[in-house]
Structures are given as C-alpha cells and as structure tokens.
Amino acid sequence: MLTELLKLSLMVTELLKLSLILTELDKLSLMLTELLKLSLILTELLRLSLILTELLRLSLIDTELLKLSLMLTALHKLSLIDTALLTFSLIHTA
C-alpha cells in the first residue's frame with residue numbers, strides 16, 4: 001500500500017512539473033503575442049515612413065516647380081523690359 005502511495009505521489013509530482021511547464025509555455029505564448037503586436041506596430045511605422053518619404057519626394061518636386069515658376073516670372077519681366085526698350089527704340093527712330 002505504501003508503495004502505491006509513493007507511486008501516486010511521484011505521479012502527482014510529475015503532473016505538477018508538467019503543470020509548471022505548461023504555465024511557462026503560456027507565459028511564452030503571451031510574450032510571443034506581444035512581440036507580434038510590436039511587429040505589427042513596426043510594420044505600420046515602416047508603412048508611414050514610406051508615405052513620408054514619398055511626401056518628401058513630392059515636396060522636392062514642388063520646390064523645383066516653384067523655382068521654375070520664379071524663373072518664368074523673371075523671364076516675363078525681362079520680356080516686358082525688352083518690349084518697352086523696343087517701343088522706345090521705335091519711337092526714337094520714327
């Protein structure tokens with residue numbers, strides 16, 4: 001009878017060990033879930049970074065267009081000056 005009780009006690013001990021192992025596996029599973037959440041957040045941050053990069057590229061294009069617009073404005077001013085000089089030239093030669 002004592003031997004049977006010892007065997008049962010050993011079995012209970014082994015079951016408790018397995019229960020502890022399962023608890024540790026549950027903890028690891030929760031940690032993995034948190035890591036997956038963080039991975040999703042990182043993926044979203046990377047997606048936002050790509051959007052920001054595209055916005056910066058578009059901003060550079062916009063800056064170049066503004067520079068070209070300023071040059072065009074300067075050319076129009078020079079054209080107006082040229083027209084005025086031609087008008088004065090025609091008035092003086094007539």
Side-chain angles (χ1 to χ4, degrees):
M1 179 80 164
L2 186 58
T3 305
E4 290 299 317
L5 284 175
L6 284 173
K7 284 182 186 178
L8 286 175
S9 177
L10 283 174
M11 288 173 68
V12 168
T13 303
E14 287 303 312
L15 286 173
L16 287 172
K17 286 181 186 177
L18 290 174
S19 176
L20 283 174
I21 290 171
L22 283 174
T23 302
E24 287 303 311
L25 285 174
D26 284 343
K27 286 180 187 176
L28 290 173
S29 177
L30 286 173
M31 289 171 66
L32 181 59
T33 302
E34 288 303 311
L35 285 173
L36 289 172
K37 286 180 188 176
L38 291 173
S39 177
L40 285 173
I41 291 170
L42 180 59
T43 301
E44 186 63 18
L45 286 173
L46 289 171
R47 189 183 70 79
L48 292 173
S49 176
L50 286 173
I51 291 171
L52 181 58
T53 300
E54 184 63 18
L55 286 173
L56 289 172
R57 188 183 70 79
L58 291 172
S59 176
L60 286 173
I61 291 170
D62 188 47
T63 301
E64 288 303 312
L65 287 172
L66 287 172
K67 286 180 186 176
L68 291 173
S69 177
L70 287 172
M71 285 189 229
L72 188 58
T73 301
L75 285 173
H76 282 131
K77 285 180 184 177
L78 290 173
S79 177
L80 288 172
I81 292 170
D82 188 44
T83 302
L85 288 173
L86 284 173
T87 303
F88 287 132
S89 176
L90 288 174
I91 290 172
H92 287 294
T93 56

S.K.: Has the side chain of Ser29 got a donor or acceptor atom that lies under 3.5 Å from a matching backbone atom of Leu25?
M.R.: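 Between the backbone of Leu25 and the side chain of Ser29 there is no qualifying donor-acceptor contact (under 3.5 Å).
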
S.K.: Would you say Leu56 and Leu60 make side-chain contact, with heavy atoms under 4.5 Å?
M.R.: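 When only atoms from C-beta onward are counted, Leu60 and Leu56 do not touch, as no gap falls below 4.5 Å.
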
S.K.: In Å and rounded to the nearest 0.5 Å, what is the CG to CD distance from Leu22 to Glu24?
M.R.: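 The distance works out to 10.5 Å.
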
S.K.: Distance check, rounded to the nearest 0.5 Å: Leu78 atom CG versus Met71 atom CE?
M.R.: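 Interatomic distance, Leu78 CG to Met71 CE, rounded to 0.5 Å: 13.0 Å.
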
S.K.: Between Thr53 (side chain only) and Ser49 (backbone N and O only), is there a donor and an acceptor less than 3.5 Å apart?
M.R.: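 Yes, the answer is positive, given that a donor and an acceptor are paired below the 3.5 Å cut-off.
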
S.K.: Once you round to the nearest 0.5 Å, how far does OG1 of Thr23 lie from CG of Leu18?
M.R.: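 Between Thr23 OG1 and Leu18 CG, I get 10.5 Å after rounding to 0.5 Å.
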
S.K.: Output all residues satisfying side chain to side chain contact (heavy atoms under 4.5 Å, CB included) with Glu44, sequence neighbours left out; order by chain, then residue number.
M.R.: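 Only Arg47, Leu48 meet the side chain to side chain contact (heavy atoms under 4.5 Å, CB included) criterion with Glu44.
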
S.K.: What is the distance from atom OG1 of Thr87 to atom NE2 of His92, rounded to the nearest 0.5 Å?
M.R.: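 Output value for this atom pair is 10.5 Å.
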
S.K.: Does the Ser89 side chain pair with the main chain of Leu85, one donor and one acceptor, at a distance under 3.5 Å?
M.R.: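 Not a single qualifying donor-acceptor pair exists.
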
S.K.: Which side-chain N or O atoms in residues 3-15 pair as donor and acceptor under 3.5 Å with protein atoms at least two apart or in another chain?
M.R.:
from  : atom 1 : to    : atom 2 : distance (Å)
Thr13 : OG1    : Ser9  : O      : 2.8
Glu14 : OE2    : Lys17 : NZ     : 3.4

S.K.: Quick check: does any side chain N or O of Thr73 sit under 3.5 Å from a backbone N or O of Ser69, one acting as donor and the other as acceptor?
M.R.: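 Flag set: sc Thr73 to bb Ser69 pair under 3.5 Å.
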
